[in-house]
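Chain letters run A, B, ... following the sequence lines, proteins first and then strands; every chain starts at 1.
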Amino acid sequence: MSSQLSSQLNKPATQTAGAEGYNFAYLDEQSKRMIRRAMLKAVAIPGYQVPFGGREMPLPHGWGTGGMQLTATVIGEADTLKVIDQGADDTTNAVSIRRFFAKTAGVATTEHTADASLIQTRHRIPERQLRNDQILIYQVPIPEPLRFIEPRETETRKMHALREYGAMQVKLYEDVARFGHIATSYDYPVMVNDRYMMDPSPIPKFDNPKMNQMPALQLFGAGFEKRIYAVPPYTRVVSLDFDDYPFEVQSWEESCSICGSDHSFLDEVIMDDAGNKMFVCSDTDYCRERVEQGFTAENPEGQQGLTPEHNQVQQENKKQDDTKAEEMAL
Amino acid sequence: MSVQVNSMNRGAVRSDLLMTGFDDAVQDAQKVFRKVLKAMSEPGTILTADLTDKTPGALNKSSWEIALTLFDADTKIWLSPTLAGDDAVVSNLRFHCQCPMVSEPAEADFALALADELPELKALNWGNSEYPDQATTLIVQVEAITNQTQDNDEGWCLNGPGIETERGLTVAGLPYSFRRDLVNSRKRFPLGVDCVFCADDQLVALPRSTEIKPSDSEEGIRNTIQQEAN
């Protein structure tokens with residue numbers, strides 16, 4: 001054996017920043033390889049659920065273990081990670097997962113959508129249009145869109161194999177018969193590349209149109225159910241509907257109480273015992289960005305009230321985005 | 001006590017042929033994986049994987065790096081005859097990846113082949129309709145890959161998931177029958193074989209979801225497809 005080889009074998013696996021005693025990004029290399037192989041198959045067959053050997057993560061199932069395993073597998077030293085929970089960067093789940101990777105992988109983290117190369121998300125797609133050099137990783141509780149219609153995995157496998165999706169149309173029809181409209185408002189089933197029916201994870205259907213032809217790669221990880229699926233960039237994703245009951249997204253009469261946005265997904269917040277409430281953007285980073293650009297609840301149009309400084313901020317943001325995109329392209 | 005020697009265990013690792021793998025097994029594997037992920041999710045995009053100086057035997061840089069990144073004791077590997085007969089290749093794959101080698105391409109999770117020794121496409125595992133992910137991934141070492149499709153008669157126009165409008169790709173040196181079978185195999189989606197073509201330190205992927213349209217000059221394939229349609 002050459003001396004070069006033995007010196008390599010005696011070298012610790014990695015000397016990069018991270019928690020002592022753990023591999024880079026927590027997962028061991030063999031698990032990562034297994035997940036990487038599953039991920040490549042998921043990308044090759046858009047919307048199809050690839051089974052994988054889900055590992056135990058140091059937090060309970062239901063807290064994003066599927067998404068975390070994908071993030072741990074994809075992430076590298078050069079990445080900047082953003083984690084959102086229902087659109088917010090500052091909720092418990094988002095904060096703990098972000099800190100977990102800051103600690104175990106030593107990577108940079110951010111709350112700014114534009115600065116992130118990886119975004120792990122629970123139940124939202126950022127309002128800001130994602131770029132081709134970004135990857136969006138969804139935490140998925142139940143990956144099988146047909147599960148509540150057909151509990152047997154052997155049967156749902158067959159239904160996917162035969163592209164037998166009539167049962168889902170019946171479910172949506174029952175909504176129409178009972179409520180007069182399609183009442184499904186989240187977890188709204190989509191067809192990927194005209195072949196596989198896919199559960200987009202419990203994002204509001206408001207976000208469904210963003211999945212269609214998205215420039216970023218979308219990866220989905222279900223830890224408890226041990227499934228990985230994916231939508232490559234620029235892939236056709238169509239929400240199910242009927243000719244006479246076309247797909248529609250939620251809309252609000254109110255606009256955001258902070259930034260005045262009338263086009264983003266709004267959270268309803270109860271203010272007091274009297275039942276007073278306010279509506280705010282669910283995407284905290286988008287709201288912050290708009291406030292920085294001079295949009296307010298009183299001045300939702302932004303433009304008229306914009307001072308030269310605000311215009312400058314806006315232009316600089318755009319410039320930063322452009323240079324970032326150029327750098328990534330290189 | 002006698003020890004039964006399995007035929008697949010012939011050709012033990014030759015330590016005199018071993019060479020170093022990645023400088024940093026963890027970080028380098030991650031970097032190569034991201035290239036392969038990018039290649040697979042944006043078919044026809046040519047990427048460079050240049051993290052190793054030397055490669056064992058007939059392996060080129062990108063195929064060696066993909067092997068170090070994705071192969072392990074859980075993946076059955078089929079090697080085309082020249083590679084299978086190359087002690088340096090077999091010893092290093094065994095040593096670094098601990099991967100079992102199989103003699104039937106249909107059993108392989110990964111098939112690694114030289115362009116002039118490709119197995120018939122139908123000899124590989126295409127997966128089954130309930131588990132199409134169980135299909136073989138085919139890694140082919142080729143002379144050259146380019147997005148130029150002019151001035152040659154092997155050009156492809158690619159369409160499908162991961163491609164915004166369309167993308168041209170020419171993989172030089174693939175046998176005619178293989179190109180024809182690959183174009184035809186698209187009819188059986190979601191069954192199929194996912195291909196990665198490696199030229200020196202470059203790689204490009206063609207997952208089964210990509211539609212392949214042979215360039216105008218590729219009359220032969222067009223006619224064959226036409227005949228089969230009729």
Worksheet entry | Structural part of Arg195(A) lying under 4.5 Å from a heavy atom of chain B |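 Just the side chain, heavy atoms under 4.5 Å.
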With only heavy atoms counted, which part of Leu40(A) is less than 4.5 Å from chain B, the side chain, the backbone, both or neither?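 Interface part for Leu40(A): both.
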Any salt bridge between [X] and [Y], counting N to O under 4.0 Å?
X	Y	value
Arg236(A)	Asp194(A)	yes
Asp79(A)	Arg34(B)	yes
Lys32(A)	Asp72(B)	no
Glu42(B)	Lys38(B)	yes

Could you name the residues of residues 127-134 of chain B that have a heavy atom within less than 4.5 Å of a heavy atom in chain A?
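Residues in range: Ser129(B), Glu130(B), Tyr131(B), Pro132(B), Asp133(B).
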Out of Arg157(A), His160(A), Glu150(A), which one pairs with Glu144(A) under the side-chain contact (heavy atoms from CB on, under 4.5 Å) rule?
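The passing option is His160(A).
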message = Consider side-chain contact (heavy atoms from CB on, under 4.5 Å). Of Thr149(B), Val171(B), Leu174(B), Thr170(B), which one does Glu154(B) pass it with?
response =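 Filter result, single survivor: Thr170(B).
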Donor-acceptor pair, distance only, cut-off 3.5 Å: does the side chain of Gln134(A) make one with the backbone of Arg131(A)?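 Confirmed, Gln134(A) side chain pairs with Arg131(A) backbone.
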Examine distances only and state if a side-chain atom of Thr71(A) and a backbone atom of Gly67(A) form a donor-acceptor pair shorter than 3.5 Å.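 Yes; judged by distance alone, with no hydrogens or angles, the pair exists.
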Applying salt bridge (charged side-chain N to carboxylate O under 4.0 Å, His left out), name anything that partners Arg98(A), two or more places apart in sequence or on another chain.
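Glu111(A).
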Can I get a per-line list of side-chain donor-acceptor pairs under 3.5 Å for residues 221-228 of chain A, giving both atom names and the distance, sequence neighbours left out?
{"unit_1": "Arg227(A)", "atom_1": "NH1", "unit_2": "Glu225(A)", "atom_2": "O", "d": "3.2"}
{"unit_1": "Arg227(A)", "atom_1": "NH2", "unit_2": "Glu153(A)", "atom_2": "OE2", "d": "2.9"}

Ring-ring centroid check Phe22(B) His96(B), cutoff 6.0 Å |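 So the answer is no for these two rings.
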Toward chain A, the part of [X] with a non-hydrogen atom under 4.5 Å:
X	answer
Ala29(B)	both
Ile163(B)	backbone
Thr137(B)	both

**Asked** Mind checking which of residues 47-55 of chain A sit less than 4.5 Å from chain B, heavy atom to heavy atom?
**Response**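 Within residues 47-55 of chain A, the residues that come under 4.5 Å of chain B (heavy atoms only) are Tyr48(A), Val50(A), Pro51(A).
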I'd like to verify something: which residue of [options] has the highest number of heavy-atom pairs under 4.5 Å with chain B?
options	value
Ile75(A), Leu162(A), Val231(A)	Ile75(A)
Val74(A), Thr154(A), Val43(A), Ile135(A)	Val74(A)
Pro233(A), Ala161(A), Pro232(A)	Pro233(A)

Practice problem: Return the option, out of Thr165(B), Thr210(B), Leu37(B), with the maximum number of heavy-atom pairs under 4.5 Å with chain A. | Solution: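 Most pairs with chain A among the choices: Leu37(B).
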- Query: Parallel, tilted or perpendicular: which fits the ring planes of Phe110(B) and Phe71(B), with parallel below 30° and perpendicular above 60°?
  - Reply: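 Correct class here is tilted.
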* Would a 4.5 Å heavy-atom cut-off, applied to side chains only, mark Gln120(A) and Ile97(A) as touching? ->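 Sidechains of Ile97(A) and Gln120(A): in contact.
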Separation of Arg94(B) CZ from Asp87(B) CG (nearest 0.5 Å):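 Reported value, rounded in 0.5 Å steps: 10.0 Å.
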